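All remarks here apply to the structure that follows.
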Number of protein chains: 2
Amino acid sequence: MQAGEQTMVLSERKKKILAAVVDEYVRTAEPVGSKAIAAKAGLGCSPATIRNELAELVSLGYLEQPHTSAGRVPTPMGYRMYVNELMEKQRLSLEETEDINRRMNQKLRELDDTISDVSRLASQLTDYPALALTTRTTVTIKRFDIIYVDANTFIIVVMLSDNTVKNKLVKLPVSVDQKLVQRLSSLFNSGFTGITEDAVTPLLINSTERAADDTMGVTSVIAAFAIEVLTEAGAPSACVSGENRLLNQPEFRDPDKAHRLMGYLSGGGYILPPNANMDEAGEIKVLIGPENVAEELKDSSVVIATYDAGDNTRGMIGVVGPTRMDYSAVAAKLSILAAGLSRRLGGGEAPPEGMHNKLIIKGDTGNE
Amino acid sequence: MQAGEQTMVLSERKKKILAAVVDEYVRTAEPVGSKAIAAKAGLGCSPATIRNELAELVSLGYLEQPHTSAGRVPTPMGYRMYVNELMEKQRLSLEETEDINRRMNQKLRELDDTISDVSRLASQLTDYPALALTTRTTVTIKRFDIIYVDANTFIIVVMLSDNTVKNKLVKLPVSVDQKLVQRLSSLFNSGFTGITEDAVTPLLINSTERAADDTMGVTSVIAAFAIEVLTEAGAPSACVSGENRLLNQPEFRDPDKAHRLMGYLSGGGYILPPNANMDEAGEIKVLIGPENVAEELKDSSVVIATYDAGDNTRGMIGVVGPTRMDYSAVAAKLSILAAGLSRRLGGGEAPPEGMHNKLIIKGDTGNE
DNA sequence: ATTAGCACTCGAAAGGAAAGAGTGCCAACA
DNA sequence: TGTTGGCACTCTTTCCTTTCGAGTGCTAAT
């Protein structure tokens, strides 16, 4: 963090070595030594040479040693370099891709509880805890119907601008006239469609009440539902799955540490969309260790894919794990998931199924 | 398990001692010694006397020692005795009760996603993982409406016998006549109401199709939705929350052990309703260690409260933890939750709010 | 029937020695 | 100048031994 921050261009060999360290450390979770690298990475030179290089990589800030005389471990900066430049963008095999798409198809029959299903799927695929979230920006009502059931029961049905439909059964303590219900239905259908939540003012409600000649206060019940629906649909929804997979990772063998992070995650993961704003769909964002804003994530990494859920809705699926994470595989898988989601939910401008690895990976600038 | 199974009546003092051991062990999670009991339980006798009694309780099968020269720990049989006879049924203070009810009220505005909210609440209250599940038996359609939106779009709205309402937006590739939709709407409303899922036969669908003069295959789309709704509503739904709280318990400090159980739980907890059949609402059932059928639960305990969700629907909320569990407090809290749910969801025959501790606790017979 | 006393057991904690992995550096070499 | 083998050194991990203490079981006294 302090020394050697000036971004010098690494020699080819240094890059290869750094990549080898990351790969190996990701695989084994143990500090990797010069000998192992010499054996693995096919550059024809001896452990001693590699030791020299390693020492330099340490002083440049890409690697560190848990203690003198242990192998090297990537620093966040090292991972960042790996993710930005070194990592070979993994192309999943056709089978894998198809498998993911198949499983997605199975899940996504109804696009409503999609989020939770998708996050579960992401977690299964990656074996890390996963989270899914959606932010909608402006939602309006497209259509408003009221179904008269009996004298004190009716059903409100609202179709929103994102083509979801919400309904509510209302039971009143008093009897209402079927005519009144019909009047209200058409009044709401004309007065409350196409407007945002803010536009539902007491004024509007009052005038509707008067226009409908409603003396029983039914109007306000219906209006309350309209507001509720708009609020709820406009609010971001989040969902976390597979927290327990954290326990697979050796870095979370300490129950306290695991518990802290899991608690944070099941807390809703609200705070997760880390550097705010959702980016363009299709991009993948990687946040490594201290790059995360949330204190609880400072020594974990997050990989996030953004997808386009159509009609002003942006969604993200992400995965949380130790900094020692298989970024490449995770990114590839999330990318397919996100593409699939965009294709299904989005406006249809999404790329076709084949096109699964435009893998634009992007992260922080790297400076604190 | 092998010796001393004959249920002899324990002397008063043995009971007191056993209760003291359980209480203390629940509190500290460490084997409890004769000295501690002498100090705590106010029976005026010395550690030596207690040691004699303890030895007998061990040979009777109520207690065991992790090793010679450690304190005593309750066996499942010991816990069973404690739960059945010794435990003082805990009355929560008025404040606590009110707090629970208040929090329940906050959550339960909509009775739909109730289950997940309630399980979360149960977990928060008890600090153990919680699960909620519902079994519905027979659901029928009470009312069937189709809202015509435009030539290839309509909304199906179905009201079920349990007064929930489901809807689905249907987009057709072909244009349909508004008249046809109306015809279908009334045909379904007369033909598909009051019947169970089984009764939706191809025969019925065909005759409806013919009656509606439907040549576009719209009928089958609608019928498919009807089946889907009936299936889904009739299926039990389960929900687990707060798995991570398991990590609070010292017995789950071993990550592998914790992981096993958490995995089992997030697997859906299907298999949880252990000795099958839901009992009468209001009862609390305690399953201790080996009394559980699921292998994964053999050394954990489960406390389950059943509530009446009205109209053929039985629900359960339960809590999972180590056998060393604060049965009394958990039972009391679950009891209030279940009562609250019955009151809100059930037919209304539930006891009023004040009545929160009829705490009938019941478990297995205790023999394997 | 209860109790004080005491030897004994067994796990948990503390200390220490040995093993092993990996480094840093130096001197030799191409 | 860059690369390599060699070697001493460091630090962790592991295993063993010792110590400590809580708690028991038994016996003899009350």
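Residue numbers start from 1 in every chain, and the chains themselves are labelled A, B, ... in the order their sequence lines are given, proteins ahead of strands. No experiment lies behind these values; they were computed from the predicted model shown.
Between the B:E96 side chain and the B:S93 main chain, a donor and an acceptor come within less than 3.5 Å of each other. With hydrogens and angles ignored, the 3.5 Å screen pairs a side-chain donor or acceptor of A:N292 with a backbone N or O of A:G289.
Nucleotide D:dG2 holds its P atom 10 Å from the NZ atom of A:K14, rounded to whole Å. If you take CG of A:N52 and C1' of C:dC26, they are 11 Å apart, rounded to a whole angstrom. If you take CD of A:E56 and P of D:dG2, they are 10 Å apart, rounded to a whole angstrom. Atom CD of B:E53 is separated from atom C1' of C:dA1 by 10 Å (rounded to the nearest Å). As rounded to whole Å, 15 Å separates atom P of C:dG11 from atom CD of B:E30. As a whole-Å value, the separation of A:L54 CG from C:dC25 C1' is 15 Å. If you take CG of A:L57 and C1' of C:dG22, they are 17 Å apart, rounded to a whole angstrom. Rounded to whole Å, the distance from CD1 on A:I50 to C1' on C:dG22 is 13 Å.
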Letter per nucleotide, 5' to 3', of nucleotides 5-23 of chain D [B base touched, S only sugar-phosphate touched, - untouched; heavy atoms, 4.0 Å]: BB---BBS---------BB
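Look at B:D127 and B:K333 and you find no salt bridge, because none of the NZ, NE, NH1 or NH2 atoms lies under 4.0 Å from a carboxylate O. Between A:E295 and A:K298, no side-chain nitrogen of the basic residue sits less than 4.0 Å from a carboxylate oxygen of the acidic one, so the salt-bridge criterion is not met. With respect to the salt-bridge test (charged N to carboxylate O, under 4.0 angstrom), the residues B:E296 and B:R260 do not qualify.
Residue order along DNA chain C, read from the 5' end via each residue's closest nucleotide, puts B:R13 first among B:R13 and A:A55.
Residues in residues 322-331 of chain B take part in these salt bridge (Lys or Arg N to Asp or Glu O under 4.0 Å) pairs, two or more places apart or across chains: B:E251-B:R324.
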